[in-house]
Enquirer: 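Could you have a look at this structure, given as structure tokens, before my questions?
As a basis for the values below, the full set of heavy atoms in this structure was taken, side chains included, without hydrogen atoms, waters or symmetry mates.
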Amino acid sequence: MSELALLLNQSVNALSQAALLFFLGVGLTLIFGIMRIINFAHGTLYMLGAFVGYSIVHATGSFWVALVLAPVVVGVLGLLFELFILRRLYQREAHAFLMVTFGLALVTGEAIRLIWGSDALQVPAPPALSGVIFLLDEPFPVYRLFLASSGIVVAIAIWQILERTRLGLLIRATSQNAEMVHALGVDVNLVRSGVFGIGCGLAALGGVLAAPLVTASHGMAATAVIDAFVIVIIGGMGSFLGSLIGAVLVAFVQVFGNYYYPDLALAFMYLVMLTVLIVRPGGLLGKEA
Amino acid sequence: MRPATVLGVLAIAALLVAPLVLPVFAMTLLTELVILGLFAMSLDLMVGYTRLISFGHVAAYGLGAYASGFFLLNTEMPLIVAVLAAAAMTGVLAIGIGWICTLATGVSFSMLTLAFAQLLYAIAFKWTSVTGGSDGLAGIPRRPGPFGFDLFSSKTGFYFLALGCLLGSYLLCRALVNSPFGAVLRGIRENEAKTLSLGYNTRLYKIAVVAVAYAFGALAGALYSPFAGFANTELLFWLLSGQVLIMVIVGGSGTLIGPILGAAFFMLLEHQLSSYTEAWALFFGLVFIAFVLFAPEGIWGLARSWFGRSQPAETKATGNPS
Amino acid sequence: MTTKPRISRRSMLAGSTAAVASPFIWTSAQAQAANTIKIGLPLALTGPLGSVGQQQKRGAELYAKLQNEKGGLIGRKIELLIEDTVGNPATCVRKAQEMVERHDCRLFTGITLSSEALAIVPKLAEWNSIFISSDNGDGRLTAASFVPNFFRANTSGPMGTRAVSLYLKQSPMKKFFAIGLDYAWGHNSVQVFEDEVKKMGREFIGKVFAPTGTKDYSTYITKIRQSGADAVYTVLAGDDNNAFLAQAAQYKLASRMAMLAEQLELSAMRAVGDACLGMIVSSRYAFTIDNPKNKEFVELWKKAHDGLVPDQFEGEQWQCMRVFEAGIIKAGGIEADKLRPALEDLTIDDIKGKVHMRKCDHQGVQQGFIVKAVKKEGFSHPVPEVIATLPADQVTPPCNKMTYDD
């Protein structure tokens, strides 16, 4: 493979990986921005998206339907959880959220095992996305291109929503000063519920998209939750753009790092995080000191 | 005498006579509970007294376990010396870890502690010559000494060693939090900016509490590896960091005793539930959600309210917009 | 704001205390059926390795059920003590210790992870217990970490790799690359493969290791493609194996080179589907192994499990229980000092053919099987079809070693 082909190949790989990481991270950062919640269950919701996606694909025969429905299902479940449980805890310390999301992760993880069994499940990509295209004479999976493009599309969509719509304005305002927003007559609780639901849905979307690459499996949650936190911290908790930058940075470092220094594979993500936090303790675009 | 003191004396007495009363398997569990209790209590210094939420406390545990395991396997150090040396060594290392982590606050601090724990995990995995890599260290002996003193090498003797470490550490931590140093920690917990403006170098205090917490956490780990006979990378796995944090919260943070009870509760509940049903994780998770909703002060809070002392519910510190 | 009714807090405290106090209450009302043969299985029933542990559980349970229907062993019923370790060595030691101290259980099998096995093995002498492994493949268990109370009834990692290498002797392929998981098993097996390739006078181009939990294998796949090898040998398991294969299929890696693996059990084939078609794999047990005992076993299994065929770890666990059976009958008892010599030099002839538990390192000397993932009627996913059988004495390493001399 020529140097240029290798570079191109690896870059598109990194972009596809960045897309998955972005989906994981953006939900977490939105939730944290509004609610200051550290959601231990975020990885489990990602995993739930993959399994729900599997069932929808089997029921309808369509991956595309699963792509739309699974995030909605998980988003609604997240919304219900916020409504009935999280809402009672806003006056409480961070401890409460840590423990309640820890409990949620346990319950959801086991529920998944009870419903879908212990084995990993295949979620095949749709035939349209299953081929390869040739980049500089090297085969490259269409699915990864699809992933990279979805990441870009969703990122732009979220950005536009945040910048241009009333909902986006409410979200940004609430994350900065919830009391003021409340004083202006907006139902802040509704904004919170909505954002939590959207955050969960985005994680689930990541899960459905990841499933053709890694299968719907029980080990998904563990690695996902750490990845999500690392990206969000690197980018800055609560910053949408930060989660995008964090995802791209981590993906590129991992892909190129693993190629040249596979021995350090375990450590790359943390070394990046350490470096960023030492230089900018709040993350690249973060507000926390 | 206050109810809490009576309870305390009774508890210690019960722990001391346990080997005469409890069957062997219960003593094995109890010894492990004592070790975990020490581990959780050490974290409380950071979480409960200083509001430094660590996601990487396994670093202390794992370092302690590997260090004492290494000493016991490769040197002639007696058990008690190896354990104390491992704890001290980790405390010193933790000064460096604390120095870097306290560059940040809030969630960034937590993630830095996680980063260190993960890096240690990676090192333990790869540095096969010292740590045994993914196989870990096995067959760790409980070496007797000094002067042929081998009381601690037996099961019951080891239990008393662990218990002694727990009680000794508790007394030291209690003294620490009741001292002026502890008062500054609480000041940092309630309002760091204000404490800083009063002239205290809050960062130094934070580094100090990290070092002390890691030292006691490492003491627990250093006891674990000769207890179980092995040390491996699973002891540095981040899941345990999350679990010990939950032990502190469910027990009642900021009380030193609460986390010890929380550790016992966590481990025993998991142990028992998993022997009743494969779906134990479901009920386990529900229990914690229930605690958040119905018993915010944790187990120690429940116990105290049972004795008639009510505790106000934990609320957010003042001065921070939600 | 929520109110805090004192009643519910008291009941929470009472409930919590009761729940956790139970192990300390020594009840004589333990449902201890007198004189059963207790076999302890501290398995990973939940968690990422749950799929393997569940297989081991099913294998042991079917054996115990059928054997108890025949009256048990030496006139005693078999009682399985099954506990969940979630794949955590600390939990495994805790559970196993309780089985020994509380239930007087001195026989063990079905430990899922090698790291768990390595934590248990040094304690066997203190517990006066015998452990017969059904799944642990780590080479050192019969080498550097060997203890007299440990026996291995299953095919080990080195044996699996050796089988593939022997099979390759008849193949024209010249250049090989390897990828393994970055821990003891992966390194050991890749090393054995490398040694074997070089001994055959062929070219070993290179190797790469991926940490467990890797989600994105694109870099590794790129390296493998670039190597120009005729075949890649993969030493992966579980979720990592599935992820690698699914992604390699997307890169159409199989069109460029042959794909070989040390492990690819049926549940993995189901998880990746056609992505594994054509792969040549060393199998520790396949339902297509052609001998009368296995055919009988497969029928029994299908009847008990709604028509499903047995998977790799289910078969291995069954074989392991057969080894227990032969040993216990020969010893006439289950005490370690009687059972250990009975198990040494024991031979059984069962679903995988002859297995000889040799005395020097307690490894079960047995044939190696090479399977190919093919489409078969009646199955919606690829299944392992046996294409070669390698002789036991060539597949099993020399005593107390995890590499081969010849």
Enquirer: Of all heavy-atom pairs between C/Thr219 and A/Val255, which one has the smallest distance, and what is that distance?
Expert: CG2-O, 3.1 Å
Enquirer: May I ask you to name which of A/Gln254, A/His218, A/Gln17 has the most heavy-atom pairs under 4.5 Å with chain C?
Expert: A/Gln17
Enquirer: Looking at chain C, which one of A/Leu129, A/Val123, A/Asn258 has the largest number of heavy-atom pairs inside 4.5 Å, strictly under?
Expert: A/Asn258
Enquirer: Considering non-hydrogen atoms only, spot the tightest contact between C/Thr222 and A/Gln10 and give its length.
Expert: OG1-OE1, 3.7 Å
Enquirer: Pick one of side chain, backbone, both or neither for A/Tyr259, based on which atoms fall under 4.5 Å of a heavy atom in chain C.
Expert: both
Enquirer: NZ of C/Lys372: more than 12 outside heavy atoms within 6.0 angstrom?
Expert: no
Enquirer: Applying side-chain contact (heavy atoms from CB on, under 4.5 Å), run through A/Arg144 and C/Ser218 and close with a yes or a no.
Expert: CA-CA 10 Å; A/Arg144 285 190 182 244; C/Ser218 60; 3.6 Å; yes
Enquirer: Roughly how far, to the nearest 0.5 Å, is the NE2 atom of C/His381 from the CD atom of A/Gln122?
Expert: 10.5 Å
Enquirer: Atom OG1 in A/Thr223, atom CG in C/Asp239: separation rounded to 0.5 Å?
Expert: 8.0 Å
Enquirer: If every non-hydrogen atom of C/Lys215 is compared with every non-hydrogen atom of A/Val214, which pair is closest and at what distance?
Expert: O-CG1, 3.7 Å
Enquirer: Output all residues satisfying ring-ring contact (aromatic ring centres under 6.0 Å, His included) with C/Trp318, sequence neighbours left out; order by chain, then residue number.
Expert: C/Tyr63, C/Phe297
Enquirer: Please give me the minimum heavy-atom distance between C/Asp216 and A/Asn13, naming the atom from each residue.
Expert: OD2-O, 4.4 Å
Enquirer: Given the options A/Pro141, A/Ser118, A/Ala222, which has more heavy-atom pairs under 4.5 Å with chain C than any of the others?
Expert: A/Pro141
Enquirer: Can you tell me if C/Phe379 has over 12 outside heavy atoms packed within less than 6.0 Å of its CZ?
Expert: yes
Enquirer: Looking only at heavy atoms, which of residues 44-52 of chain C get nearer than 4.5 Å to chain A?
Expert: C/Leu45, C/Thr46, C/Gly47, C/Pro48, C/Gly50, C/Ser51
Enquirer: Residues of residues 245-254 of chain C under 4.5 Å from chain A (heavy atom pairs)?
Expert: C/Ala246, C/Gln247, C/Gln250, C/Tyr251, C/Lys252
Enquirer: In terms of heavy-atom proximity below 4.5 Å to chain A, should C/Phe244 be classed as side chain, backbone, both, or neither?
Expert: neither
Enquirer: Is chain C contacted by the side chain of A/Ser130, its backbone, both, or neither, given a heavy-atom distance below 4.5 Å?
Expert: backbone
Enquirer: Taking salt bridge (charged side-chain N to carboxylate O under 4.0 Å, His left out) as the test, write out the residues that go with A/Glu110, two or more places apart.
Expert: A/Arg113
Enquirer: Flag the one option from A/Leu121, A/Asp263, A/Leu213, A/Thr215 with the top tally of heavy-atom pairs under 4.5 Å to chain C.
Expert: A/Leu213
Enquirer: Only pairs of heavy atoms separated by less than 4.5 Å count here; which of C/Gly273, C/Gly53, C/Ala271, C/Ala210 has the most with chain A?
Expert: C/Ala271
